[in-house]
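Have a look at the structure below, then the notes.
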Amino acid sequence: MLILALLLMSVTVALAEPMSDIRLAPGDSRQGYERADYVTDSLSIPARQGISANLLANAQSSHLGLPTLSSYEQEPPDAAVIEIGRKLFFDRRLSGNKTMSCAMCHIPEQGFTSNELKRPIGFEGRGLKRNAPTLLNVVFNRRLFWDARESTLAQQVWSPLLAVNEMNNPSVGSVVDQLRKDTQYDKMFEQAFGESANMLNIGQALAQYQQSLLAADSRFDRWHFGGNRTSLNQLEQKGFEVFTGKGSCSSCHHISDQHALFTDHQLHNTGVGVEDSMRQTPDTIEVQLAPGVLVEVDQKLVSVVGEVKENDLGRYEITLNPKDRWKYRTPGLRNVALTAPYMHNGEFLSLDEVIQFYNKGGVSNKMLSPLIRPLDLTIEEQTALRAFLGSLTGSNVKDLVSDAFAAPVGDVSQ
Amino acid sequence: MSKLSSLLIKFVALSLIMVGAAAHADETCMSPYMAKIVGQEDFVYVWTLGEEGLGDEQDKLVTIDVNPISPNYGEVVNTLSVGGRNEAHHSGFSDDRRFLWAGGLDTNKIFIFDVHSDPAKPTLHKVIDDFVAKSGVVGPHTFYALAGRMMITGLSNNKDHGGRTAMVEYSNQGNYIVTHWHPTDEDLRGAEKSGKYADGYGYDVRALPRRNAMFTSSFTGWTNYMMDFGTMLADPEAMKRFGNTAVLWDLHTRKPKKVFDMPGAPLEIRCAWDPNHNYCFTTTALTSQIWLMYEDADGEWQAEAVADIGDPSKIPLPVDISITSDDKGLWVQTFMDGKTRYFDISDPFKPKQVYEKEIGAQVNMISQSWDGKRAYFTSSLLANWDKKAEQDEQFFKAYTWDGDKLNLEFTVDFKAKKLGSAHQMRFGAYGLYGLKRPYEAKNLVASGE
């Protein structure tokens, strides 16, 4: 009887088509929440199930629109190493109080970022001053973080692991010891590296998992690089013209002949940061209390219960060169429809807001990039640009998210 | 769940209802399944948040002597530090009232204190630290005694730290039994979506055993309840992540039956005591309304907003509430203005505020005695939602209520005593466990000489 039930279960699993079920947005949909006629469209947590993907194959194969990985001087991908990285990435025990994993801020179905607030929060609810970037295609970023302060993924992991406002592990050694003491991890490390966990191979494992998160072959790629003329509709094609022409977006968000990463790997001042640091605090702010219920709240009330927001000077914080004030790295725009809110501070909630910002010429300041200027885009051109940005979602993102759903979540057990 | 075990639950639940009908709880907001204190309470246990830079910086159970005839009246007689800042929040007794379960909304640890061996000095009996691994639920909030069981509401989950969550049922021994997910659009679990919302959020739970009804409310996920309050108010995305529902459940089968729309984060639920009063109150934190869930003439449960609390446009933020044992009054604390407000609810459809008093710069919890003559207040809401700097008053205040006004009896300053942030209160008494008050025992000996 039991065996029969198990057999039936495995058959249904094998036959199921989970990919069509994966929603590339928060399972707790709040679309239309501004309006009084909002209706919920919430997904069930127990039904959040996925199917493991062949991440090694994903890392090794070529993806239409992306450069090949080997040109990026990474460690050659290895299935056993990726597997460790994947386990670590979702392991909430990897933090000082066993509640934060990488995935609590880089949430798979939210574009491997956090859609549900501007800037994520970490250990004991401490605030972070920047928006979490997506980890899809992160391997192609020549420098990491919004201020480009880090160089490799394997090194980068120690920033969140040790930051007091992220995962707040007390030391490198405590993380290493924890993994060595865990028989499951210990076996995996021995098998993959021929040695137990250490500072280096922990970084390598997490790097290799992230390296495998390649997501391209978007409708844009099929149209632009694959020669499929109908893969983009008229509006999106028009948007591409604006992106590369009148809008001159591609002067920073580069598109090459063979592939497109939509970044020049440089840092620029667009004015977002200046605005954030220098603007006058308004007397009141608008606060939404429920669907369709908005009130103006006195700033004094907010500051009684609020901390002073940490300042952010961008690249300057690394170089101490006044010319670098409020310069941030140009982010790649692949999968950008999935990664709201936008900019280093998450200030813009939608792509429409981003486009309006560029259209008015950013925020003027002494160090504003000369490439940022008022664009005079018509409403149609803005709509087209918006549509184009929506065509950059990789065709395999659902597979990667489904794989993430299938990954074990590490929690304290007895 | 197997047929057998659900039958078993029904049986145990039924037998306990009978015990419940005979006994009353001491304070007015607890499970009807619980034993009562006879007369004056001896202690208030305050589940206290550790504060960085203050004292030993960790969460603790603080025991305050509140019996006016005790030589230690008004004093902290014990503190029990548990290690870590867990976001100490709510607590609840087991049905036999021998153990106090207290949860941490951040670390998800559950601390079970022995309060019966020596009510003056609770000890740590057991720590459950695999709550999340067992259930997938984050943020153990309400601990509500059912027959032989502890029903624990969650606030979040370990997948996205958002508001979709479940109730988790444990045995009195501290063993995980089953997870009851709140209804979502994708899986209503047999419930009727009576309006526009089925968000799957959770917060509090209360039961009306005589109607086989259980009610839950809805708040917000880890991300929001751990976030700096001011930062959250200024983040329009975050402000979309609040619960807008209450759910009616079948108490025996634990199946959700009906989802009510209740916009603006309904929090504490308090059900009426009178056997003919088939209704429960709750208040919405963000929209500042009193809501009534009631059984109509056709035996159908309905929900209705019945009053505003203060000026909702100023976000007074109603937090804890407490119903009097005669169902005539409802205490409502508003966190932002530090006030307690007394509503006449003789007509449950027309609550009227008849009294208010500022308790401090901020106020959250209230516990009142069964006779309504004593009321205790504490200050803390959530570690990162509490007011900042000098407005972050942290206290326990004991008042008497003469029917017209509150009279302050004493204050314990939790900042000055370096204890932390005072949160939830539960009553303790020697009489519950057949014990004599030590000072009365001594007097006896003395007079015998």
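Below, read A as the first sequence line, B as the second, and so on, with proteins coming before strands; counting in each chain starts at 1.
- Within the 4.5 Å cutoff, the side chain of Arg92(A) has heavy atoms near those of the Val132(B) side chain.
- Within the 4.5 Å cutoff, the side chain of Glu116(A) has no heavy atoms near those of the Glu237(B) side chain.
- Heavy atoms of Ala36(A) lying under 4.5 Å from chain B belong exclusively to its backbone.
- Residues Val295(A) and Ile315(B) share a closest heavy-atom pair of CG2-CD1, 4.1 Å.
- Side chains of Leu289(A) and Phe242(B) form no contact here, defined as non-hydrogen atoms less than 4.5 Å apart.
- With respect to the salt-bridge test (charged N to carboxylate O, under 4.0 angstrom), the residues Arg126(A) and Glu52(B) qualify.
- Neither the backbone nor the side chain of Asn86(B) comes within less than 4.5 Å of any heavy atom of chain A.
- When heavy atoms are compared at a cutoff of 4.5 Å, Arg30(A) approaches chain B by way of both its backbone and its side chain.
- Using a 4.5 Å cut-off between heavy atoms, Glu347(A) does not touch chain B at all.
- Minimum heavy-atom separation, Trp222(B) to Gly122(A): CH2-O, 3.4 Å.
- In this structure, the separation between NZ on Lys98(A) and CG on Asp130(B) is 14.5 Å, given to the nearest 0.5 Å.
- The 12-atom threshold is exceeded at CD of Glu192(B), counting heavy atoms of other residues, nucleotides or ligands nearer than 6.0 Å.
- No side-chain heavy atom of Val293(A) sits under 4.5 Å from any side-chain heavy atom of Pro263(B).
- For Leu43(A), the parts lying near chain B are the backbone and the side chain together; criterion is any non-hydrogen pair under 4.5 Å.
- Counting heavy-atom pairs closer than 4.5 Å to chain A, the top-ranked of the candidates Thr245(B), Asn157(B), Thr231(B) is Asn157(B).
- Ranked by heavy-atom pairs under 4.5 Å with chain B, the first of Ser413(A), Gly127(A), Pro46(A) is Pro46(A).
- Annotation: maximal heavy-atom pairing with chain A below 4.5 Å, among Val138(B), Asp129(B), Thr107(B), Asp187(B), occurs at Asp129(B).
- Within a 6.0 Å sphere centred on CG of Asn311(A), heavy atoms belonging to other residues, nucleotides or ligands number more than 12.
- Residue Arg279(A) places its CZ atom among more than 12 non-hydrogen atoms of other residues, nucleotides or ligands, all under 6.0 Å distant.
- Side-chain contact check for Asp185(B) and Ser42(A): at least one donor-acceptor pair (N or O, by modelled atom type) lies under 3.5 Å.
- Only the side chain of Trp181(B) comes within less than 4.5 Å of a heavy atom in chain A; its backbone stays farther off.
- In this structure, no portion of Tyr225(B) lies under 4.5 Å from any heavy atom of chain A.
- Lys118(A) touches chain B through backbone and side chain together, each having a heavy atom under 4.5 Å away.
- Checking Arg189(B), Arg164(B), His182(B), Glu186(B) one by one against Ser44(A), the side-chain contact (heavy atoms from CB on, under 4.5 Å) holds for a single residue, Glu186(B).
- Only the side chain of Met336(B) comes within less than 4.5 Å of a heavy atom of chain A; its backbone N, CA, C and O stay farther away.
- Residues Val304(A) and Lys388(B) fail the side-chain proximity criterion, which asks for heavy atoms closer than 4.5 Å.
- The distance from the CG atom of Asp235(B) to the CD1 atom of Ile121(A) is 10.5 Å, given to the nearest 0.5 Å.
- Lys314(B) touches chain A through its backbone: at least one of N, CA, C or O sits under 4.5 Å from a heavy atom, while the side chain does not.
- The contact between Tyr38(A) and chain B is made by backbone and side chain atoms together, counting heavy-atom distances below 4.5 Å.
- Other residues, nucleotides and ligands contribute more than 12 heavy atoms inside 6.0 Å of the NZ atom of Lys129(A).
- Interface check for chain A: of the options Met226(B), Met227(B), Lys109(B), Lys193(B), the most heavy-atom pairs under 4.5 Å are formed by Met226(B).
- Pairing each heavy atom of Ile107(A) with each of Asp160(B), the nearest pair is CD1-O, 3.9 Å.
- Chain B forms the most heavy-atom pairs under 4.5 Å with one residue out of Asp41(A), Val39(A), Val297(A), Ile45(A), and that residue is Ile45(A).
- Summarising the geometry of Val287(A) relative to Met239(B), their closest heavy-atom pair is CG1-CE, 3.8 Å, with the distance given to 0.1 Å.
- Closest heavy-atom contact between His161(B) and Thr99(A): CE1-O, 3.6 Å.
- Contacts between Glu87(B) and chain A at a heavy-atom distance below 4.5 Å are absent for every atom of the residue.
- Within the 4.5 angstrom heavy-atom criterion, only backbone atoms of Asn115(A) (N, CA, C, O) approach chain B.
- Counting all heavy atoms, side chain and backbone alike, Ala198(B) lies closest to Thr40(A) at N-OG1, 2.8 Å.
- The residue among Asp298(A), Asp28(A), Asp37(A), Ile285(A) with the most heavy atom pairs within less than 4.5 Å of chain B is Asp28(A).
- Counting heavy-atom pairs closer than 4.5 Å to chain A, the top residue among Leu286(B), Asp392(B), Asp228(B) is Asp228(B).
- Heavy atoms closer than 4.5 Å to chain A are found in the side chain of Asn244(B), but not in its backbone.
- Both the backbone and the side chain of Val412(A) come within less than 4.5 Å of a heavy atom of chain B.
- In the displayed structure, Gln184(A) atom CD is contacted under 6.0 Å by at most 12 heavy atoms of other residues, nucleotides or ligands.
- Both the backbone and the side chain of Val305(A) come within contact range of chain B, each with at least one heavy atom under 4.5 Å from a heavy atom of that chain.
- For the pair Lys240(B) and Glu34(A), the salt-bridge criterion is met [side-chain N within less than 4.0 Å of a carboxylate O].
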